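Beneath this line is the structure, given in structure tokens, with notes to follow.
Everything quoted here is computed from the prediction, not taken from an experiment. These values consider heavy atoms only, across backbone and side chains, with no hydrogens, waters or symmetry-generated copies. Start at 1 with the first residue, then count along the sequence.
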Amino acid sequence: MRPISVRLPAGASGRAGVLASVSIALFCIQVDFFALNLAIPGITAGMRVTVSASQWTLSAYMLAIGCFFIVGGRLGDLLGRRAVLLTGLALFAAASVGCALAPTLGFHVAARVVQGVGAALIFPVPVAVVTNAFSDATRARALGITFGIANLGTALGPFVGGGLTDGPGWRWIFWFLAPLSASALLIALRYVPDSRDESATGQVDLPGALAVVVGLAALTLAVERGTACALRRRTRSARVRILMCSGRLDRRLCA
């Protein structure tokens, strides 16, 4: 792969802007996923839905990331990483506001899908963006800082999710993410240079991309809904057995 830079960041401030943009973007994605795990009880109570239904806030996000991750990487190679990063950040920030304002679970899940698509466009880009912005001497350190900040989001996610859910409410998780991702977008607009894979040719394989999306969606639905259905069947079976045993015990006691 031979990446070609179309516009280089100007000096140290430009490289710092690149580093800040991609680091904040990855931080937001990691916080989002790990914070929402602890927000499920709050979403369930606030929207008056079942726990199984509210789990779709997690499933929809991960499904969208899994389905569009490969597409995002390919688009970055063909159209330029800057454009893909900006699009992903714009979708993520807008969807965060949508999640915070969602009046119903359906609206919330739809916004989570959009948020997941934005995250999928962001994920494949940071390594290439940092690689093109930094020299060989400073590249490893820059990548270490980027993923260190991302891992900080992983560590802080549960605390953010639990603290905000128990405090002002689960919607504040998204009000926390919206300005952060918007700031990453503004910094990227100013500092992130464009680059693409010089050897990439052709177009996006739309039938192949559709097949990946449909296949992963079907697999996720099978796992999610299949597990739920199996659990309900086991629960009903256990209840029947308990009632049967109870009836036999009653007959023995009355005999």
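- Around CH2 of Trp175, the count of heavy atoms belonging to other residues, nucleotides or ligands within 6.0 Å exceeds 12.
- Of all the heavy atoms in Leu89 and Ser21, the pair that sits closest is CD1-OG, 4.3 Å.
- Looking at residues two or more places apart in sequence or on another chain, you find a side-chain contact (heavy atoms from CB on, under 4.5 Å) between Leu58 and Leu36, Asn37, Ile40, Gln55, Arg112.
- For the pair Leu91 and Gly118, the tightest heavy-atom approach, listed with the atom from each and the gap, is CB-CA, 3.9 Å.
- A continuous path of Ile, Leu, Val, Met, Phe, Trp and Tyr side chains, each step under 4.5 Å between heavy atoms, connects Leu105 with Val51, placing both in one hydrophobic cluster.
- Using a 4.5 Å heavy-atom cutoff, the side chains of Val18 and Pro193 are in contact.
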Side chain to side chain contact (heavy atoms under 4.5 Å, CB included) between Phe147 and Val127, worked out:
CA-CA 9 Å; Phe147 289 109; Val127 172; 3.5 Å; yes
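- Across all their heavy atoms, Thr165 and Gly161 have their closest contact at OG1-O, 2.6 Å.
- Follow the hydrophobic side-chain contacts under 4.5 Å out from Phe174 and you reach Val160 in the same cluster.
- Classified by interplanar angle (parallel below 30°, tilted 30° to 60°, perpendicular above 60°), the ring pair Trp170/His108 is perpendicular.
- Connection of Ile173 to Leu38 is not established within any shared hydrophobic cluster, with ILVMFWY side chains joined at heavy-atom distances below 4.5 Å, either directly or through further cluster members.
- Formation of a donor-acceptor pair under 3.5 Å by the Ser23 side chain with backbone atoms of Ala20 is not found in this model.
- With rounding to the nearest 0.5 Å, the separation of CG in Leu79 from OG1 in Thr87 is 9.0 Å.
- The two atoms that bring Gly17 and Ile187 nearest to each other are O-CG2, 3.2 Å, heavy atoms only.
- Residues Gln30 and Ala150 share a closest heavy-atom pair of CG-O, 3.4 Å.
- Considering CZ of Phe92 and SG of Cys28, their distance stands at 5.5 Å, rounded to 0.5 Å.
- Put simply, Phe159 and Phe27 are part of two different groups of oily side chains (I, L, V, M, F, W, Y) that touch within less than 4.5 Å, one to the next.
- Formation of a donor-acceptor pair under 3.5 Å by the Arg82 side chain with backbone atoms of Val192 is found in this model.
- Atom CG of Leu185 and atom CG of Leu86 lie 6.0 Å apart (nearest 0.5 Å).
- Looking at heavy atoms from C-beta onward, Ile122 lies in side-chain contact with Leu85 at the 4.5 angstrom threshold.
- Residues Phe69 and Pro124 share a closest heavy-atom pair of O-CG, 3.6 Å.
- No side-chain N or O of Ser54 forms a donor-acceptor pair with one of Thr57 less than 3.5 Å apart.
- Under a 3.5 Å cut-off, the side chain of Arg81 and the backbone N or O of Val125 do not form any donor-acceptor pair.
- Contact of the Leu63 side chain with the Ser59 side chain is not registered, since no non-hydrogen atoms from C-beta on lie closer than 4.5 Å.
- For the pair Leu177/Cys99, no side-chain contact is recorded, criterion being any heavy-atom separation below 4.5 Å from C-beta on.
- The line from CZ of Phe176 to CG of Leu164 is 7.5 Å long, rounded to the nearest 0.5 Å.
- One distance of note links CG of Leu152 with CG of Leu26; it measures 12.5 Å at 0.5 Å rounding.
- Residues Val117 and Phe107 fall into different hydrophobic clusters, defined by Ile, Leu, Val, Met, Phe, Trp and Tyr side chains chained together at heavy-atom separations under 4.5 Å.
- Remark: Ile29 CD1 to Ile24 CD1 distance equals 12.5 Å, nearest 0.5 Å.
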